[in-house]
**Q** 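Below is the structure I would like to discuss, written out as structure tokens.
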Amino acid sequence: MPESVLLSSQPMTAAEVVDVVRGHAHVGLAEAVEKNLTATRQHIEKLADATSPTYGVSTGFGALATRHIPVESRTALQRSLIRSHAAGAGPAVEPEVVRALMVLRLRTLASGYTGVRPQTAQTLAALLNAGITPIVHEYGSLGCSGDLAPLAAVALALMGEGEVVHEGVQKPAADALRAAGITPIVLAEKEGLALTNGTDGMLGMLLLAAVDLHRLLDIADLTAAMSVEALLGTDRAFAADLQALRPHPGQATSAARMFAALQGSKIVESHRGPDCNRVQDAYSLRCAPQVHGAARDTLAHAELVADRELRSAVDNPVVLADGRVESNGNFHGAPVAYVLDFLAIPVADVASIAERRTDRMLDQARSHGLPPFLANDPGVDSGHMIAQYTQAAVVSELKRLAVPASVDSIPSSAMQEDHVSMGWSAARKLRKAVDGLTTVLAVELLTAARALDMRAPLAPSPVTGRVRDLLRTKVPGPGPDRHLAPEIAAAEELVRSGAVLAAAELEVR
């Protein structure tokens with residue numbers, strides 16, 4: 001992970017965003033960027049001095065765009081814009097979401113299309129580097145005209161107002177800036193709009209979800225392979241020649257990973273040949289590559305949209321190279337909102353098929369010789385019965401979260417903003433869905449590992465055996481009186497951290 005990320009004329013990459021957000025890489029502005037900001041700002045200052053009004057420079061905003069603001073009131077106008085827009089409500093969102101929207105807004109400021117002064121961009125970078133995280137509330141963005149209330153909360157902190165978290169403590173922004181040696185900004189013409197008119201929150205959550213979903217889909221392939229093995233299923237359905245008959249790239253990847261994970265399994269080998277009376281496995285086993293693969297392909301499309309957004313300058317109005325300041329609709333969040341909603345569908349479905357595999361391992365009638373609920377003493381011990389209940393409850397919630405937010409629109413700003421994207425809401429849903437999928441896969445992981453143990457003396461594959469051994473060393477309290485809540489929590493952490501993938505040593509692409 002790089003120690004620093006320098007914003008230049010080149011588009012920022014998703015990896016760089018994650019380095020700043022989660023890795024706390026230092027972020028800076030290239031010298032050429034600062035020179036370009038200075039040149040662009042001169043266009044704004046000329047328009048500010050002109051007698052004819054320019055939106056965002058010498059007028060009000062939104063439905064008040066026709067009102068000309070005198071020079072002596074424009075500093076108050078910018079300050080008032082930020083204060084009035086910082087009107088979010090509900091619980092504070094996660095710090096990494098705030099850092100994501102901060103660095104993505106900085107990326108757009110650095111593009112030179114927004115007309116801000118260099119010191120405004122530099123101060124936003126200073127907040128990130130000092131680890132000062134403004135308090136941003138859950139509600140306040142409609143995903144259009146920018147993530148207004150969330151971004152206004154960040155701009156408020158730049159002004160030395162509002163509340164932030166610094167060094168693990170919530171405190172007034174003025175105190176945190178003073179402690180970090182940062183001078184608050186007095187906003188000039190156009191800067192209030194430039195700081196709030198972007199889709200940075202929803203894009204940031206999309207980028208973070210994409211990173212997490214790559215890991216979770218890899219783990220879903222692994223837990224599915226463990227379940228196939230535990231249920232005496234076959235690996236033959238995952239063979240490359242069969243998968244090539246339907247050439248979806250994600251399907252090929254998932255099938256190859258599952259096939260590789262099962263190689264060398266004594267359990268799989270034990271039921272090959274003419275004595276096996278099984279014709280074909282249940283869909284939740286046999287069709288796992290098709291479901292997981294479709295999720296991978298959906299994620300690839302979402303990342304294509306995210307990459308285009310990272311190459312975009314989202315603001316209104318924008319300052320063009322020839323000095324024109326033009327209004328536009330690029331702040332509308334529909335492109336991002338759609339893929340955020342789209343991703344919630346395969347997340348729910350991948351979780352759903354995992355829950356079906358788990359239930360099959362617990363059902364004596366379908367598990368091919370495993371004890372009821374994988375209990376040590378069925379009846380006295382309920383085994384993993386209620387762990388599957390937990391999975392089912394989460395899957396049910398994921399289905400509700402898959403209902404799209406972007407089909408809704410509530411007009412605002414006296415009907416000036418009469419169609420909005422609800423992309424922030426789509427992003428918030430997706431974050432909850434990613435957490436839910438983590439829990440569902442953790443339960444399948446625990447259940448499949450326990451089922452593999454119960455196939456002894458037959459040995460699992462080297463890949464699945466390493467994962468099972470990881471759980472033995474990291475998950476608390478095996479035995480007939482296990483407390484499953486701590487086990488699930490520990491497995492969730494192993495899934496989040498990537499330790500499960502590291503133990504598998506499985507790299508198939």
Side-chain angles (χ1 to χ4, degrees), residues 11-18 20-21 88 93-94 96-109 111 113-114 136 138-152 154 194-214 295-316 318 328-348 401-410 412 417 419-434:
M12 197 174 189
T13 67
E16 287 174 330
V17 173
V18 176
V20 173
V21 172
V93 303
E94 303 83 0
E96 71 172 17
V97 171
V98 182
R99 287 184 60 82
L101 71 88
M102 290 171 72
V103 71
L104 288 168
R105 182 75 324 219
L106 177 61
R107 170 198 64 91
T108 294
L109 298 184
S111 72
Y113 289 103
T114 68
V136 171
E138 179 85 17
Y139 303 105
S141 173
L142 300 180
C144 200
S145 294
D147 289 317
L148 290 176
L151 284 165
V154 173
L195 287 166
T196 58
N197 223 329
T199 53
D200 309 287
M202 63 185 89
L203 175 58
M205 286 185 272
L206 174 58
L207 293 171
L208 295 174
V211 170
D212 294 338
L213 286 174
H214 273 292
R296 289 181 180 278
D297 292 341
T298 302
L299 178 56
H301 171 66
E303 290 182 307
L304 175 63
V305 172
D307 181 66
R308 290 170 181 159
E309 284 289 298
L310 284 170
R311 291 183 278 117
S312 303
V314 179
D315 193 17
N316 180 54
V318 292
N328 66 90
N330 285 335
F331 51 74
H332 199 287
V336 185
Y338 293 163
V339 294
L340 287 163
D341 275 334
F342 195 2
L343 281 174
I345 295 172
V347 166
L401 292 172
V403 175
S406 56
V407 297
D408 188 27
S409 177
I410 298 182
S412 56
E417 299 165 11
H419 184 275
V420 295
S421 79
M422 303 307 293
W424 173 274
S425 299
R428 298 305 298 162
K429 288 195 307 95
L430 181 59
R431 281 187 69 83
K432 294 176 184 175
V434 168

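Source: prediction; values computed, not measured.
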**Q** Under the ring pair (Phe, Tyr, Trp, His ring centres under 6.0 Å) test, which residues partner His301, sequence neighbours left out?
**A** none
**Q** Determine whether Asp307 and Arg311 satisfy the following criterion, side chain to side chain contact (heavy atoms under 4.5 Å, CB included), listing intermediate values before the conclusion.
**A** CA-CA 7 Å; Asp307 181 66; Arg311 291 183 278 117; 3.3 Å; yes
**Q** Taking all atoms of both residues into account, what is the closest heavy-atom pair of Val305 and Pro335, and its distance?
**A** CG1-O, 3.5 Å
**Q** Using side-chain heavy atoms (C-beta onward) and a distance below 4.5 Å, is Ser145 in contact with Glu417?
**A** yes
**Q** Can you check whether Met205 reaches Val93 side chain to side chain, under 4.5 Å on heavy atoms?
**A** no
**Q** Check the pair Ser406, Met422 against side chain to side chain contact (heavy atoms under 4.5 Å, CB included), reporting the backbone distance first and the verdict last.
**A** CA-CA 5 Å; Ser406 56; Met422 303 307 293; 5.6 Å; no
**Q** Minimum heavy-atom separation for Ala337 and Gly423, please, with both atom names.
**A** CB-CA, 3.5 Å
**Q** Ignoring hydrogens and angles, tell me if any N or O in the side chain of Asn328 forms a donor-acceptor pair with the backbone of Asp315 under 3.5 Å.
**A** yes
**Q** Got a donor-acceptor contact below 3.5 angstrom from the Trp424 side chain to the Glu138 backbone?
**A** yes
**Q** Do the side chains of Glu94 and Arg428 get close enough for a salt bridge, i.e. N-O under 4.0 angstrom?
**A** yes
**Q** Any ion pair linking Glu16 and Arg107 (charged N to carboxylate O, less than 4.0 Å)?
**A** no
**Q** Kindly check if the number of other-residue, nucleotide or ligand heavy atoms within 6.0 Å of CZ (Phe342) is above 12?
**A** no
**Q** Go through it in stages, so that I can follow the logic: the residues are Thr298 and Ile345, the test is side chain to side chain contact (heavy atoms under 4.5 Å, CB included), and I'd like the CA-CA distance, side-chain angles, deciding distance and then a yes or no.
**A** CA-CA 9 Å; Thr298 302; Ile345 295 172; over 6 Å; no
**Q** Among Val154, Val21, Leu208, Val17, exactly one meets side-chain contact (heavy atoms from CB on, under 4.5 Å) together with Arg99. Which residue is that?
**A** Val21
**Q** Between Leu343 and Leu213, is any pair of side-chain heavy atoms under 4.5 Å apart?
**A** yes
**Q** To check you understand the geometry: which heavy-atom pair defines the closest contact between Ala313 and Ser111, and what is its length?
**A** CB-OG, 3.8 Å
**Q** Lys429 and Val403: which non-hydrogen atoms are nearest, and at how many Å?
**A** NZ-O, 3.1 Å
**Q** Please check: side-chain N/O of Asp147 versus main-chain N/O of Met202, any donor-acceptor pairing under 3.5 Å?
**A** yes
**Q** Evaluate the criterion side chain to side chain contact (heavy atoms under 4.5 Å, CB included) for residue pair Leu142 and Ser412; output intermediate values, then yes/no.
**A** CA-CA 9 Å; Leu142 300 180; Ser412 56; 3.7 Å; yes
**Q** Ignoring hydrogens and geometry, is there a side-chain-to-backbone donor-acceptor pair from His214 to Leu299 under 3.5 Å?
**A** no
**Q** Roughly how far apart are Asn197 CG and Arg105 CZ, rounded to 0.5 Å?
**A** 7.0 Å
**Q** Do the side chain of Asp341 and the main chain of Ala426 share a donor and acceptor less than 3.5 angstrom apart?
**A** no
**Q** Search all heavy atoms of Asn316 against all heavy atoms of Phe331 and return the closest pair with its distance.
**A** CB-CD2, 3.5 Å
**Q** Is Thr199 reaching over with its side chain to a backbone N or O of Gly333, donor-acceptor style, under 3.5 angstrom?
**A** no
**Q** With heavy-atom distances below 4.5 Å as the criterion, would you say the side chains of Val20 and Met12 are in contact?
**A** yes
**Q** Given Met102, which partner from the list Val98, Leu104, Leu106 fulfils the side-chain contact (heavy atoms from CB on, under 4.5 Å) test?
**A** Val98
**Q** Quick one: pull up CG in Leu310 and OG1 in Thr108 and give me the separation to the nearest 0.5 Å.
**A** 9.0 Å
**Q** What are the two closest non-hydrogen atoms of Leu401 and Ala344, and how far apart are they?
**A** O-CB, 3.8 Å
**Q** Quick one: does Leu151's side chain get under 4.5 Å of Leu101's, heavy atoms only?
**A** yes
